[in-house]
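Keep in mind the model is a prediction, meaning the values are calculated, not measured.
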Amino acid sequence: MLEFITLPDALPPVAPYSHAVRAGDFIFVTGQLAEDPSSGEVLKLDIAAQMRQVMDNLQRVLTHAGTRFENVVMVRIFVTDFRYYEVVNQIYASYFDQTRLPSRTTVGITALAGYGDVEIDLIVYCGD
């Protein structure tokens, strides 16, 4: 059974996608950029502010889906410049219990939608 999850009053999709899809005991969260939650516009901020906005947007999706960062099992981070790596790690880590860190992949890329500098997607386990 699949459940397609969208946030009706926040993060308006800028392309044809759902914010997340629940498939059995897993939720697959669409990559989030540093988007303004009201307009969907990618905010042109320094990397620390972008990263906080990305993590806050992920939190919005998780909350709407009835889960939290503690249940995240896999993270993919896409970053346009590995000079941002340390800042990304510091802010990322602040959203997780350090005894329950998910697996993770970080990928350097040349560009992201909306010309943001960081995008993160998640896989969340919601079983027993």
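Members clustered with Leu43: Leu45, by chain and number, using a 4.5 Å side-chain heavy-atom cutoff among hydrophobic residues.
With contacts defined as side-chain heavy-atom distances shorter than 4.5 Å, the pair Thr105/Met74 qualifies. Using a 4.5 Å heavy-atom threshold, the side chains of Asp121 and Val29 count as separate. In this structure, the side chains of Arg104 and Asn89 come closer than 4.5 Å at one or more pairs of heavy atoms.
Residues Pro102 and Val72 approach most closely at CB-O, 3.3 Å, considering heavy atoms. Closest approach of Pro37 and Pro12 over heavy atoms only: O-CD, 3.6 Å. Closest heavy-atom contact between Ala65 and Ile5: CB-CD1, 3.9 Å.
For the atom pair Asp81 CG and Ile47 CD1, the distance stands at 8.5 Å (nearest 0.5 Å). With rounding to the nearest 0.5 Å, the separation of CG in Leu2 from CZ in Phe28 is 9.5 Å. Taking CG from Leu112 and CG from Leu33, the interatomic distance works out to 6.0 Å, rounded to the nearest 0.5 Å.
Leu11 and Val42 are members of different hydrophobic clusters when ILVMFWY side chains are connected at heavy-atom separations under 4.5 Å. Residue Val54 is grouped with residue Val87 when hydrophobic side chains (ILVMFWY) are merged at heavy-atom distances under 4.5 angstrom, including chains of intermediate members. The hydrophobic cluster containing Val124 also contains Ile77, counting ILVMFWY residues as joined when their side-chain heavy atoms lie under 4.5 angstrom apart, directly or transitively. Follow the hydrophobic side-chain contacts under 4.5 Å out from Val79 and you reach Tyr85 in the same cluster. At a threshold of 4.5 Å between side-chain heavy atoms, the hydrophobic network of Ile, Leu, Val, Met, Phe, Trp and Tyr places Phe82 and Val75 in one connected group.
The side-chain contact (heavy atoms from CB on, under 4.5 Å) check on Glu86 picks up Gln90, with sequence neighbours excluded. Every residue was checked against the salt bridge (Lys or Arg N to Asp or Glu O under 4.0 Å) condition with Asp56, not counting sequence neighbours, and none meets it.
Counting only residues at least two apart or on different chains, the side-chain hydrogen bond (donor to acceptor under 3.5 Å, both in side chains) pairs with a member in residues 58-70 are Asn57-Arg60, Gln59-Thr63, Thr67-Asn71, Arg68-Glu70. The stretch residues 95-128 participates, sequence neighbours left out, in these ring pair (Phe, Tyr, Trp, His ring centres under 6.0 Å) pairs: Phe26-Tyr125, Phe69-Tyr95, Phe69-Phe96, Tyr92-Phe96. Sorted by first and then second residue, the side-chain hydrogen bond (donor to acceptor under 3.5 Å, both in side chains) pairs with a member in residues 22-47 read Glu3-Arg22, Asp36-Ser39; sequence neighbours excluded.
Other residues, nucleotides and ligands contribute over 12 non-hydrogen atoms within 6.0 Å of the CG atom of Asp97.
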Side chain to side chain contact (heavy atoms under 4.5 Å, CB included), that's the test. Do Ser18 and Thr6 meet it? Break it down for me. CA-CA 5 Å; Ser18 297; Thr6 58; 4.2 Å; yes
Does the pair Met51 and Ile120 meet the rule for a side chain to side chain contact (heavy atoms under 4.5 Å, CB included), with working shown? CA-CA 9 Å; Met51 187 61 187; Ile120 300 176; 3.4 Å; yes
Checking Leu122 against Leu62 for the side chain to side chain contact (heavy atoms under 4.5 Å, CB included) test, could you report, in this order, the C-alpha distance in whole Å, the side-chain angles of both residues, the deciding distance, and whether it holds? CA-CA 10 Å; Leu122 307 173; Leu62 293 173; 4.0 Å; yes
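Put simply, the side chain of Gln50 gets close to the backbone of Asp117: a donor and an acceptor are under 3.5 Å apart.
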